[in-house]
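The chains referred to below are lettered A, B, ... by the order of the sequence lines, with proteins before strands, and numbering in each begins at 1.
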2 protein chains.
Amino acid sequence: MLTKQPGMAAMPATPREQAAGSNLLFLREAELRLAQDLLFFGYRDFTAGPDRLLAELNMGRAHHRVLHFVGRAPGMTVGDLLGILSITKQSLGRVLQPMIEDGYVTQAAGRVDKRQRLLSLTEKGAGLERRLYDCQREWVMRAYREAGPAAVEGFRRVMRGLMGEDARAELERLERAAQG
Amino acid sequence: MLTKQPGMAAMPATPREQAAGSNLLFLREAELRLAQDLLFFGYRDFTAGPDRLLAELNMGRAHHRVLHFVGRAPGMTVGDLLGILSITKQSLGRVLQPMIEDGYVTQAAGRVDKRQRLLSLTEKGAGLERRLYDCQREWVMRAYREAGPAAVEGFRRVMRGLMGEDARAELERLERAAQG
DNA sequence: GGAGAAGCGTCAACAATGCTGACCAAACAA
DNA sequence: TTGTTTGGTCAGCATTGTTGACGCTTCTCC
(Lines give C-alpha, C1' and ligand atoms only; values in the text may rest on other atoms or scores of the structure.)
Protein backbone atom coordinates (compact mmCIF):
# COMPACT_ATOMS: atom_id res chain seq x y z
CA MET A 1 0.00 0.00 0.00
CA LEU A 2 2.83 2.36 -0.69
CA THR A 3 3.88 2.52 2.91
CA LYS A 4 7.37 3.90 3.20
CA GLN A 5 9.76 1.02 2.82
CA PRO A 6 13.02 0.69 4.75
CA GLY A 7 15.12 1.06 1.64
CA MET A 8 13.64 4.39 0.70
CA ALA A 9 14.50 6.48 3.69
CA ALA A 10 18.20 5.87 3.18
CA MET A 11 18.19 7.36 -0.32
CA PRO A 12 19.23 10.98 -0.92
CA ALA A 13 15.69 12.05 -1.76
CA THR A 14 14.89 11.07 -5.32
CA PRO A 15 17.41 10.73 -8.14
CA ARG A 16 15.55 13.57 -9.83
CA GLU A 17 16.33 15.97 -7.07
CA GLN A 18 20.04 15.57 -7.63
CA ALA A 19 19.75 15.87 -11.39
CA ALA A 20 17.64 19.01 -11.11
CA GLY A 21 20.20 21.17 -9.44
CA SER A 22 18.05 24.25 -8.97
CA ASN A 23 14.93 24.39 -6.89
CA LEU A 24 13.05 25.97 -9.75
CA LEU A 25 13.73 23.07 -12.03
CA PHE A 26 12.80 20.70 -9.27
CA LEU A 27 9.43 22.34 -8.80
CA ARG A 28 8.84 22.28 -12.50
CA GLU A 29 9.63 18.58 -12.51
CA ALA A 30 7.15 17.91 -9.71
CA GLU A 31 4.53 19.80 -11.71
CA LEU A 32 5.08 17.70 -14.76
CA ARG A 33 5.18 14.44 -12.87
CA LEU A 34 1.83 15.42 -11.47
CA ALA A 35 0.52 16.06 -14.96
CA GLN A 36 1.55 12.55 -15.98
CA ASP A 37 -0.21 11.05 -12.98
CA LEU A 38 -3.33 13.11 -13.48
CA LEU A 39 -3.65 12.17 -17.11
CA PHE A 40 -3.15 8.49 -16.39
CA PHE A 41 -5.63 8.26 -13.53
CA GLY A 42 -8.05 10.78 -14.98
CA TYR A 43 -8.31 9.20 -18.40
CA ARG A 44 -8.61 5.74 -16.93
CA ASP A 45 -11.49 6.69 -14.67
CA PHE A 46 -13.11 8.82 -17.36
CA THR A 47 -13.45 5.72 -19.53
CA ALA A 48 -14.26 3.28 -16.75
CA GLY A 49 -18.03 3.85 -16.80
CA PRO A 50 -18.53 3.25 -20.52
CA ASP A 51 -16.12 0.33 -20.38
CA ARG A 52 -18.32 -1.45 -17.86
CA LEU A 53 -21.43 -0.83 -19.90
CA LEU A 54 -19.77 -1.93 -23.12
CA ALA A 55 -18.42 -5.12 -21.58
CA GLU A 56 -21.98 -6.31 -20.97
CA LEU A 57 -22.63 -6.02 -24.70
CA ASN A 58 -19.38 -7.70 -25.66
CA MET A 59 -17.98 -4.48 -27.01
CA GLY A 60 -14.88 -2.50 -26.25
CA ARG A 61 -13.60 1.03 -26.25
CA ALA A 62 -13.08 0.93 -29.99
CA HIS A 63 -16.80 0.46 -30.49
CA HIS A 64 -17.48 3.45 -28.29
CA ARG A 65 -15.20 5.61 -30.38
CA VAL A 66 -17.05 4.67 -33.53
CA LEU A 67 -20.42 5.40 -31.93
CA HIS A 68 -19.16 8.69 -30.56
CA PHE A 69 -17.60 10.09 -33.68
CA VAL A 70 -20.17 8.82 -36.15
CA GLY A 71 -22.85 10.21 -33.86
CA ARG A 72 -20.99 13.50 -33.71
CA ALA A 73 -20.84 13.95 -37.48
CA PRO A 74 -23.40 11.72 -39.17
CA GLY A 75 -22.77 11.17 -42.85
CA MET A 76 -19.01 11.02 -42.46
CA THR A 77 -17.11 8.71 -44.77
CA VAL A 78 -15.03 5.71 -43.77
CA GLY A 79 -11.96 7.73 -44.67
CA ASP A 80 -13.02 10.53 -42.35
CA LEU A 81 -13.38 8.11 -39.50
CA LEU A 82 -10.01 6.54 -40.21
CA GLY A 83 -8.46 9.98 -40.11
CA ILE A 84 -10.04 10.85 -36.80
CA LEU A 85 -9.18 7.59 -35.11
CA SER A 86 -5.73 7.32 -36.67
CA ILE A 87 -5.94 3.57 -37.11
CA THR A 88 -5.75 1.27 -40.13
CA LYS A 89 -8.79 0.30 -42.11
CA GLN A 90 -8.25 -3.31 -41.09
CA SER A 91 -8.50 -2.39 -37.42
CA LEU A 92 -11.55 -0.27 -38.07
CA GLY A 93 -13.15 -2.93 -40.27
CA ARG A 94 -13.01 -5.53 -37.57
CA VAL A 95 -15.03 -3.25 -35.29
CA LEU A 96 -17.23 -1.48 -37.83
CA GLN A 97 -18.48 -4.42 -39.87
CA PRO A 98 -20.02 -6.24 -36.91
CA MET A 99 -21.60 -2.97 -35.78
CA ILE A 100 -23.25 -2.65 -39.19
CA GLU A 101 -24.40 -6.27 -39.11
CA ASP A 102 -25.79 -5.85 -35.61
CA GLY A 103 -27.68 -2.74 -36.66
CA TYR A 104 -25.83 -0.03 -34.74
CA VAL A 105 -24.47 1.76 -37.79
CA THR A 106 -25.78 2.20 -41.34
CA GLN A 107 -23.92 2.77 -44.56
CA ALA A 108 -25.21 4.72 -47.53
CA ALA A 109 -23.44 5.09 -50.86
CA GLY A 110 -22.34 8.67 -51.44
CA ARG A 111 -24.43 10.57 -53.96
CA VAL A 112 -21.65 12.67 -55.44
CA ASP A 113 -19.01 9.94 -55.10
CA LYS A 114 -20.52 6.49 -55.15
CA ARG A 115 -17.35 4.89 -53.83
CA GLN A 116 -17.83 6.50 -50.47
CA ARG A 117 -19.83 4.89 -47.70
CA LEU A 118 -21.53 7.53 -45.59
CA LEU A 119 -21.85 6.36 -42.01
CA SER A 120 -24.67 7.14 -39.60
CA LEU A 121 -26.06 5.68 -36.41
CA THR A 122 -29.30 3.74 -36.45
CA GLU A 123 -31.81 4.38 -33.68
CA LYS A 124 -30.34 1.42 -31.87
CA GLY A 125 -26.86 2.83 -32.27
CA ALA A 126 -27.90 6.30 -31.18
CA GLY A 127 -29.63 4.79 -28.15
CA LEU A 128 -26.52 2.97 -27.04
CA GLU A 129 -24.38 5.99 -27.70
CA ARG A 130 -26.65 8.05 -25.52
CA ARG A 131 -26.41 5.60 -22.67
CA LEU A 132 -22.63 5.70 -22.90
CA TYR A 133 -22.73 9.46 -23.12
CA ASP A 134 -24.91 9.69 -20.03
CA CYS A 135 -22.32 7.68 -18.13
CA GLN A 136 -19.63 10.16 -18.94
CA ARG A 137 -21.93 13.16 -18.63
CA GLU A 138 -22.52 12.37 -14.96
CA TRP A 139 -18.84 11.86 -14.37
CA VAL A 140 -17.63 14.96 -16.19
CA MET A 141 -20.36 17.17 -14.76
CA ARG A 142 -19.29 16.14 -11.29
CA ALA A 143 -15.70 17.09 -12.06
CA TYR A 144 -16.82 20.37 -13.67
CA ARG A 145 -19.02 21.29 -10.72
CA GLU A 146 -16.31 20.54 -8.21
CA ALA A 147 -13.73 22.50 -10.15
CA GLY A 148 -15.80 25.52 -11.14
CA PRO A 149 -16.27 27.33 -14.48
CA ALA A 150 -12.87 29.03 -14.55
CA ALA A 151 -11.11 25.73 -14.02
CA VAL A 152 -13.14 24.19 -16.83
CA GLU A 153 -11.97 26.87 -19.21
CA GLY A 154 -8.39 26.25 -18.14
CA PHE A 155 -8.83 22.52 -18.56
CA ARG A 156 -9.99 23.03 -22.11
CA ARG A 157 -7.09 25.30 -22.95
CA VAL A 158 -4.53 22.83 -21.66
CA MET A 159 -6.16 19.83 -23.31
CA ARG A 160 -6.18 21.68 -26.61
CA GLY A 161 -2.51 22.36 -26.11
CA LEU A 162 -1.85 18.69 -25.56
CA MET A 163 -3.28 17.93 -28.98
CA GLY A 164 -1.10 17.83 -32.09
CA GLU A 165 -1.75 19.91 -35.17
CA ASP A 166 -3.64 17.12 -36.89
CA ALA A 167 -5.93 16.58 -33.95
CA ARG A 168 -6.66 20.31 -33.73
CA ALA A 169 -7.70 20.38 -37.36
CA GLU A 170 -9.75 17.22 -36.88
CA LEU A 171 -11.49 18.75 -33.86
CA GLU A 172 -12.31 21.95 -35.70
CA ARG A 173 -13.91 20.02 -38.54
CA LEU A 174 -15.84 17.94 -36.05
CA GLU A 175 -17.20 20.97 -34.24
CA ARG A 176 -18.24 22.52 -37.53
CA ALA A 177 -19.92 19.30 -38.65
CA ALA A 178 -21.69 18.88 -35.30
CA GLN A 179 -23.76 22.04 -35.82
CA GLY A 180 -22.08 24.39 -38.22
CA MET B 1 -11.90 14.86 -44.90
CA LEU B 2 -15.14 15.50 -43.10
CA THR B 3 -16.44 17.74 -45.84
CA LYS B 4 -20.16 18.25 -45.50
CA GLN B 5 -21.86 15.35 -47.21
CA PRO B 6 -25.11 15.68 -49.16
CA GLY B 7 -27.05 13.60 -46.67
CA MET B 8 -26.16 15.85 -43.78
CA ALA B 9 -27.54 19.16 -44.87
CA ALA B 10 -31.05 17.70 -45.22
CA MET B 11 -31.14 16.61 -41.57
CA PRO B 12 -32.92 18.73 -38.94
CA ALA B 13 -29.67 19.73 -37.27
CA THR B 14 -28.42 16.87 -35.10
CA PRO B 15 -30.61 14.36 -33.30
CA ARG B 16 -29.18 15.77 -30.08
CA GLU B 17 -30.69 19.15 -30.73
CA GLN B 18 -34.18 17.72 -30.80
CA ALA B 19 -33.66 15.59 -27.71
CA ALA B 20 -32.25 18.50 -25.76
CA GLY B 21 -35.40 20.61 -25.68
CA SER B 22 -33.95 23.64 -23.96
CA ASN B 23 -31.10 25.73 -25.27
CA LEU B 24 -29.35 25.46 -21.94
CA LEU B 25 -29.27 21.69 -22.08
CA PHE B 26 -28.09 21.88 -25.64
CA LEU B 27 -25.18 24.07 -24.71
CA ARG B 28 -24.30 21.80 -21.84
CA GLU B 29 -24.34 18.86 -24.23
CA ALA B 30 -21.97 20.61 -26.63
CA GLU B 31 -19.65 21.32 -23.72
CA LEU B 32 -19.55 17.71 -22.69
CA ARG B 33 -19.13 16.43 -26.21
CA LEU B 34 -16.14 18.71 -26.45
CA ALA B 35 -14.75 17.26 -23.24
CA GLN B 36 -14.95 13.78 -24.74
CA ASP B 37 -13.16 14.89 -27.87
CA LEU B 38 -10.48 16.77 -25.96
CA LEU B 39 -9.73 13.83 -23.71
CA PHE B 40 -9.51 11.42 -26.62
CA PHE B 41 -7.25 13.53 -28.80
CA GLY B 42 -5.30 15.00 -25.91
CA TYR B 43 -4.49 11.74 -24.23
CA ARG B 44 -3.58 10.12 -27.52
CA ASP B 45 -1.14 12.82 -28.48
CA PHE B 46 0.20 13.07 -24.95
CA THR B 47 1.32 9.44 -25.18
CA ALA B 48 2.42 9.51 -28.81
CA GLY B 49 5.99 10.67 -28.14
CA PRO B 50 6.87 7.98 -25.59
CA ASP B 51 5.08 5.39 -27.71
CA ARG B 52 7.41 6.07 -30.61
CA LEU B 53 10.48 5.89 -28.41
CA LEU B 54 9.32 2.70 -26.74
CA ALA B 55 8.54 1.00 -30.02
CA GLU B 56 12.21 1.22 -30.99
CA LEU B 57 13.06 -0.78 -27.86
CA ASN B 58 10.29 -3.31 -28.41
CA MET B 59 8.38 -2.01 -25.45
CA GLY B 60 4.88 -0.70 -25.01
CA ARG B 61 2.93 1.71 -22.90
CA ALA B 62 2.70 -0.81 -20.08
CA HIS B 63 6.48 -0.71 -19.73
CA HIS B 64 6.36 3.05 -19.53
CA ARG B 65 3.84 2.92 -16.70
CA VAL B 66 6.07 0.61 -14.73
CA LEU B 67 9.09 2.85 -15.26
CA HIS B 68 7.10 5.93 -14.36
CA PHE B 69 5.51 4.70 -11.17
CA VAL B 70 8.47 2.73 -9.86
CA GLY B 71 10.63 5.75 -10.55
CA ARG B 72 8.12 7.94 -8.77
CA ALA B 73 8.18 5.89 -5.57
CA PRO B 74 11.25 3.67 -5.46
CA GLY B 75 11.01 0.83 -2.99
CA MET B 76 7.35 0.21 -3.65
CA THR B 77 6.10 -3.35 -3.46
CA VAL B 78 4.63 -5.41 -6.27
CA GLY B 79 1.29 -5.09 -4.52
CA ASP B 80 1.56 -1.30 -4.49
CA LEU B 81 2.21 -1.27 -8.19
CA LEU B 82 -0.70 -3.58 -8.87
CA GLY B 83 -2.94 -1.25 -6.91
CA ILE B 84 -1.80 1.81 -8.82
CA LEU B 85 -2.09 0.23 -12.23
CA SER B 86 -5.31 -1.64 -11.46
CA ILE B 87 -4.31 -4.69 -13.44
CA THR B 88 -3.80 -8.34 -12.54
CA LYS B 89 -0.49 -9.69 -11.37
CA GLN B 90 -0.35 -11.89 -14.46
CA SER B 91 -0.55 -8.85 -16.71
CA LEU B 92 2.05 -7.07 -14.68
CA GLY B 93 4.30 -10.12 -14.51
CA ARG B 94 4.51 -10.40 -18.25
CA VAL B 95 5.84 -6.87 -18.45
CA LEU B 96 7.80 -6.68 -15.21
CA GLN B 97 9.77 -9.92 -15.38
CA PRO B 98 11.44 -9.12 -18.71
CA MET B 99 12.24 -5.65 -17.42
CA ILE B 100 14.03 -7.20 -14.46
CA GLU B 101 15.89 -9.65 -16.70
CA ASP B 102 16.88 -6.85 -19.04
CA GLY B 103 18.18 -4.79 -16.14
CA TYR B 104 15.70 -1.92 -16.08
CA VAL B 105 14.22 -2.75 -12.68
CA THR B 106 15.65 -4.39 -9.57
CA GLN B 107 13.96 -6.34 -6.85
CA ALA B 108 15.03 -6.49 -3.22
CA ALA B 109 13.47 -8.62 -0.53
CA GLY B 110 11.71 -6.51 2.09
CA ARG B 111 13.53 -6.23 5.38
CA VAL B 112 10.50 -6.13 7.64
CA ASP B 113 8.46 -8.51 5.50
CA LYS B 114 10.62 -10.86 3.47
CA ARG B 115 7.72 -11.87 1.24
CA GLN B 116 7.65 -8.44 -0.33
CA ARG B 117 9.73 -7.53 -3.38
CA LEU B 118 10.72 -3.89 -3.23
CA LEU B 119 11.02 -2.45 -6.72
CA SER B 120 13.45 0.19 -7.90
CA LEU B 121 14.86 1.38 -11.20
CA THR B 122 18.42 0.56 -12.16
CA GLU B 123 20.54 3.28 -13.71
CA LYS B 124 19.59 1.88 -17.08
CA GLY B 125 15.93 1.99 -16.13
CA ALA B 126 16.17 5.50 -14.73
CA GLY B 127 17.93 6.60 -17.90
CA LEU B 128 15.20 5.29 -20.14
CA GLU B 129 12.53 6.72 -17.90
CA ARG B 130 14.19 10.11 -18.13
CA ARG B 131 14.24 9.99 -21.90
CA LEU B 132 10.54 9.17 -21.92
CA TYR B 133 9.89 11.88 -19.39
CA ASP B 134 11.76 14.43 -21.51
CA CYS B 135 9.49 13.59 -24.42
CA GLN B 136 6.42 14.40 -22.43
CA ARG B 137 8.03 17.31 -20.63
CA GLU B 138 8.48 19.13 -23.92
CA TRP B 139 4.94 18.40 -24.94
CA VAL B 140 3.29 19.34 -21.66
CA MET B 141 5.42 22.45 -21.21
CA ARG B 142 4.32 23.64 -24.61
CA ALA B 143 0.68 23.14 -23.66
CA TYR B 144 1.22 24.82 -20.27
CA ARG B 145 2.96 27.81 -21.81
CA GLU B 146 0.27 28.27 -24.44
CA ALA B 147 -2.50 28.00 -21.87
CA GLY B 148 -1.01 30.06 -19.06
CA PRO B 149 -0.67 29.43 -15.32
CA ALA B 150 -4.31 29.99 -14.42
CA ALA B 151 -5.41 27.47 -17.04
CA VAL B 152 -2.90 24.97 -15.69
CA GLU B 153 -4.43 25.25 -12.23
CA GLY B 154 -7.88 24.72 -13.72
CA PHE B 155 -6.66 21.75 -15.71
CA ARG B 156 -5.37 20.14 -12.55
CA ARG B 157 -8.58 20.73 -10.68
CA VAL B 158 -10.69 19.17 -13.41
CA MET B 159 -8.38 16.20 -13.90
CA ARG B 160 -8.49 15.53 -10.19
CA GLY B 161 -12.26 15.61 -10.42
CA LEU B 162 -12.20 13.07 -13.21
CA MET B 163 -10.41 10.63 -10.93
CA GLY B 164 -12.30 8.18 -8.75
CA GLU B 165 -11.88 7.94 -5.01
CA ASP B 166 -9.33 5.15 -5.27
CA ALA B 167 -7.19 7.05 -7.72
CA ARG B 168 -7.23 10.14 -5.51
CA ALA B 169 -5.98 8.12 -2.58
CA GLU B 170 -3.37 6.46 -4.80
CA LEU B 171 -2.21 9.86 -6.03
CA GLU B 172 -1.92 11.25 -2.52
CA ARG B 173 0.25 8.36 -1.43
CA LEU B 174 2.37 8.77 -4.52
CA GLU B 175 2.95 12.46 -3.92
CA ARG B 176 3.89 11.76 -0.34
CA ALA B 177 6.26 8.95 -1.35
CA ALA B 178 7.84 11.11 -4.07
CA GLN B 179 9.28 13.55 -1.53
CA GLY B 180 7.32 13.46 1.72
C1' DG C 1 4.22 -25.08 17.08
C1' DG C 2 0.88 -25.52 13.66
C1' DA C 3 -2.97 -23.63 10.62
C1' DG C 4 -4.41 -20.42 7.72
C1' DA C 5 -3.69 -16.11 5.30
C1' DA C 6 -0.88 -13.03 2.51
C1' DG C 7 2.58 -11.79 -1.06
C1' DC C 8 4.56 -13.24 -5.15
C1' DG C 9 5.41 -16.09 -9.27
C1' DT C 10 3.86 -18.94 -13.12
C1' DC C 11 1.32 -21.94 -16.57
C1' DA C 12 -2.42 -21.98 -19.87
C1' DA C 13 -6.05 -20.14 -22.46
C1' DC C 14 -8.62 -16.40 -24.25
C1' DA C 15 -10.20 -11.53 -25.88
C1' DA C 16 -9.67 -6.82 -27.61
C1' DT C 17 -7.35 -3.93 -30.51
C1' DG C 18 -3.51 -2.35 -32.65
C1' DC C 19 -0.08 -3.54 -36.82
C1' DT C 20 1.86 -5.23 -41.79
C1' DG C 21 1.37 -7.07 -46.28
C1' DA C 22 -1.20 -8.61 -50.08
C1' DC C 23 -5.12 -8.50 -53.01
C1' DC C 24 -9.60 -7.27 -55.18
C1' DA C 25 -13.60 -4.52 -56.96
C1' DA C 26 -16.01 -0.44 -57.99
C1' DA C 27 -15.90 4.20 -59.21
C1' DC C 28 -13.68 8.38 -60.36
C1' DA C 29 -10.44 11.37 -63.11
C1' DA C 30 -7.10 12.58 -66.55
C1' DT D 1 -8.39 3.91 -71.67
C1' DT D 2 -5.44 3.97 -67.91
C1' DG D 3 -4.25 4.93 -63.50
C1' DT D 4 -5.83 6.42 -58.82
C1' DT D 5 -8.84 6.57 -55.03
C1' DT D 6 -12.12 4.43 -51.77
C1' DG D 7 -13.38 0.71 -49.49
C1' DG D 8 -13.34 -4.33 -48.21
C1' DT D 9 -11.08 -8.62 -46.93
C1' DC D 10 -7.79 -12.49 -45.73
C1' DA D 11 -3.88 -14.00 -43.02
C1' DG D 12 -0.63 -13.46 -39.55
C1' DC D 13 1.40 -11.23 -35.58
C1' DA D 14 2.22 -8.19 -31.13
C1' DT D 15 0.70 -5.94 -27.01
C1' DT D 16 -1.87 -5.92 -23.05
C1' DG D 17 -5.69 -6.91 -20.66
C1' DT D 18 -8.67 -11.04 -18.56
C1' DT D 19 -9.78 -15.97 -15.68
C1' DG D 20 -8.61 -19.93 -13.35
C1' DA D 21 -5.51 -22.90 -11.08
C1' DC D 22 -1.33 -24.04 -8.56
C1' DG D 23 2.90 -23.67 -5.74
C1' DC D 24 6.32 -21.54 -2.62
C1' DT D 25 7.72 -18.68 1.04
C1' DT D 26 6.68 -16.00 4.88
C1' DC D 27 3.87 -13.86 8.28
C1' DT D 28 0.19 -13.89 11.91
C1' DC D 29 -2.62 -15.65 15.21
C1' DC D 30 -4.37 -19.15 18.36
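Look at A/Arg176 and A/Glu170 and you find no salt bridge, because none of the NZ, NE, NH1 or NH2 atoms lies under 4.0 Å from a carboxylate O. Salt-bridge check for A/Arg168 with A/Glu172: failed, with every basic side-chain N at 4.0 Å or more from each acidic carboxylate O. The pair A/Arg145-A/Glu138 does not meet the salt-bridge criterion, since no charged nitrogen lies less than 4.0 angstrom from a carboxylate oxygen. A salt bridge does not link A/Asp134 with A/Arg131: none of the charged nitrogens is closer than 4.0 Å to a carboxylate oxygen. Using a 4.0 Å cut-off between charged side-chain N and carboxylate O, A/Arg130 and B/Glu29 make a salt bridge.
B/Thr88 has no side-chain polar atom (N or O) that falls below the 4.0 Å cut-off from OP1 or OP2 of D/dG17. The side chain of B/Gln107 places an N or O atom within less than 4.0 Å of a non-bridging phosphate oxygen (OP1 or OP2) of C/dG9. Side-chain N/O atoms of A/Ser91 include one lying less than 4.0 angstrom from OP1 or OP2 on C/dC19. Under 4.0 angstrom from either OP1 or OP2 of D/dG17 there lies no side-chain N or O belonging to A/Arg44. The side chain of B/His63 contributes no N or O atom lying less than 4.0 Å from OP1 or OP2 of D/dT15. For the OP1/OP2 pair of D/dG8 and a distance below 4.0 Å, the side-chain nitrogens and oxygens of A/Gln90 include no atom meeting the criterion. A sub-4.0 Å separation between OP1 or OP2 of C/dT17 and a side-chain N or O of B/Arg61 is absent.
Mapping B/Val78 and A/Asn58 onto DNA chain C via the closest heavy atom, the residue that lands nearer the 5' end is B/Val78.
Atom pair B/Leu119:CG and C/dC8:C1' shows a separation of 11 Å (rounding to whole Å applied). Taking atom NE2 of residue B/His64 and atom P of nucleotide D/dT16, one finds them 12 Å apart after rounding to whole Å. Here D/dG7 presents its C1' atom at 9 Å from CG of A/Leu82, a figure rounded to the nearest Å. In this structure, the CD1 atom of B/Ile87 is 6 Å from the P atom of D/dT18, given to the nearest Å. For the pair A/Leu96 CG and D/dT6 C1', the interatomic distance rounds to 14 Å; values are reported in whole Å. Atoms CZ (A/Arg117) and P (C/dC28) sit 11 Å apart, rounded to a whole Å. As rounded to whole Å, 15 Å separates atom C1' of C/dT17 from atom CG of A/Leu81. In this structure, B/Arg52 places its CZ atom 18 Å from C1' of D/dT15, rounding to the nearest Å.
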Between the protein and nucleotides 27-30 of chain D, list the N/O to N/O atom pairs that are separated by less than 3.5 angstrom.
unit_1, atom_1, unit_2, atom_2, d
D/dC27, OP1, B/Lys114, N, 2.9

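The aromatic rings of B/Tyr43 and B/Phe46 sit tilted, their planes meeting at an angle between 30° and 60°. Relative ring orientation between B/Phe41 and A/Phe69 is described as tilted, the plane-to-plane angle lying within the 30° to 60° band.
Counting any heavy atom pair closer than 4.0 Å across all strands shown, A/Arg94 reaches a base atom. At the heavy-atom level, B/Gly93 lies nowhere under 4.0 Å from the strands shown.
The cationic group of B/Arg33 lies under 6.0 Å from the six-membered ring centre of A/Tyr133 and within 45° of the ring axis, placing it in a cation-pi geometry.
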